[in-house]
Amino acid sequence: MIYTEIRLRWFHPGFNIGLADLKSAWLLTGEPLQLIATVHRGSLVYRIPKTRRLVSYRQLKKGLVKTDRIIRQPIYLLPF
């Protein structure tokens with residue numbers, strides 16, 4: 001199996017969310033899950049897939065810790 005590595009530069013221990021950059025946020029509870037970055041009422045928010053819960057960048061920014069974590073995601077190749 002082939003993996004891709006994603007380097008997380010910031011981490012918020014309260015929300016357990018890691019940021020690679022502003023558009024790439026990952027929820028790190030169990031299997032890493034990429035959050036969807038959208039704009040809600042003029043501010044940047046991250047939405048957990050299949051839920052309505054929003055986490056704003058302002059909330060995350062208050063507790064971010066500089067870190068250097070690497071997560072590995074499998075790449076699924078199609079047979080054709």
Side-chain angles (χ1 to χ4, degrees):
M1 182 164 282
I2 300 171
Y3 291 94
T4 182
E5 292 184 351
I6 298 146
R7 182 171 302 234
L8 300 177
R9 298 174 191 263
W10 300 283
F11 178 72
H12 192 288
F15 289 117
N16 207 14
I17 293 177
L19 293 173
D21 54 36
L22 287 178
K23 289 189 175 184
S24 180
W26 294 82
L27 183 63
L28 300 175
T29 54
E31 180 94 15
L33 180 66
Q34 187 169 15
L35 302 178
I36 300 166
T38 59
V39 176
H40 178 72
R41 295 186 180 181
S43 62
L44 178 64
V45 295
Y46 301 101
R47 186 174 64 82
I48 301 170
K50 299 181 183 177
T51 64
R52 301 178 98 188
R53 182 167 181 238
L54 299 175
V55 178
S56 71
Y57 177 70
R58 281 187 178 180
Q59 288 176 328
L60 282 178
K61 188 170 68 170
K62 292 177 184 176
L64 284 179
V65 177
K66 185 88 168 162
T67 186
D68 194 22
R69 293 186 183 195
I70 295 176
I71 57 173
R72 293 173 47 147
Q73 287 294 107
I75 298 174
Y76 298 104
L77 300 175
L78 298 176
F80 49 89

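A single hydrophobic cluster is seen to contain both Val55 and Tyr57, as judged by linkage of ILVMFWY side chains at heavy-atom distances under 4.5 Å, directly or through other members. When hydrophobic clusters are built by joining Ile, Leu, Val, Met, Phe, Trp and Tyr residues whose side-chain heavy atoms come closer than 4.5 Å, directly or via intermediates, Tyr46 is grouped together with Leu64. The hydrophobic cluster containing Trp10 also contains Leu33, counting ILVMFWY residues as joined when their side-chain heavy atoms lie under 4.5 angstrom apart, directly or transitively. Val65 is not connected to Ile17 by any chain of hydrophobic side-chain contacts under 4.5 Å among Ile, Leu, Val, Met, Phe, Trp and Tyr, and they are in different clusters. Under a hydrophobic-cluster definition in which Ile, Leu, Val, Met, Phe, Trp and Tyr are linked whenever side-chain heavy atoms come within less than 4.5 Å, directly or via other members, Trp26 and Ile48 are assigned to different clusters.
A pairwise comparison of heavy atoms in Leu35 and Pro49 identifies CD2-CD, 4.3 Å as the closest pair. Closest non-hydrogen pair, Leu19 versus Ala25, comes out as CD2-CB, 3.4 Å. Considering all non-hydrogen atoms of both residues, Leu54 and Val45 come closest at CD2-CG2, 4.1 Å. Gly63 and Pro13 get closest at one heavy-atom pair: O-CD, 3.6 Å. Shown here for Pro74 and Met1, the closest heavy-atom pair between the two residues is CB-SD, 3.6 Å.
Rounding to the nearest 0.5 Å gives a distance of 10.5 Å between CG of Leu44 and NZ of Lys61. One distance of note links CD1 of Ile71 with CD of Glu31; it measures 9.5 Å at 0.5 Å rounding. Rounded to the nearest 0.5 Å, atoms CD1 (Ile6) and CD (Gln34) are 7.0 Å apart. Between atom OG of residue Ser56 and atom NZ of residue Lys62 there is a gap of 7.5 Å, rounded to the nearest 0.5 Å. Rounding to the nearest 0.5 Å places CD1 of Ile70 at 10.0 Å from CZ of Arg72. One finds the CZ atom of Arg52 at 10.0 Å from the CZ atom of Arg47 (value rounded to the nearest 0.5 Å).
Using a 4.0 Å cut-off between a side-chain N of Lys or Arg and a carboxylate O of Asp or Glu, Arg7 and Asp68 qualify as a salt bridge.
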Exercise. Stepwise, does the side chain to side chain contact (heavy atoms under 4.5 Å, CB included) test hold for Leu28 with Leu8?
Worked result: CA-CA 11 Å; Leu28 300 175; Leu8 300 177; 3.8 Å; yes

Problem set entry | Residue pair Phe11, Arg69: steps toward the side chain to side chain contact (heavy atoms under 4.5 Å, CB included) verdict | CA-CA 9 Å; Phe11 178 72; Arg69 293 186 183 195; 3.7 Å; yes

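No donor-acceptor pair closer than 3.5 Å links the side chain of Ser24 to the backbone N or O of Asp21.
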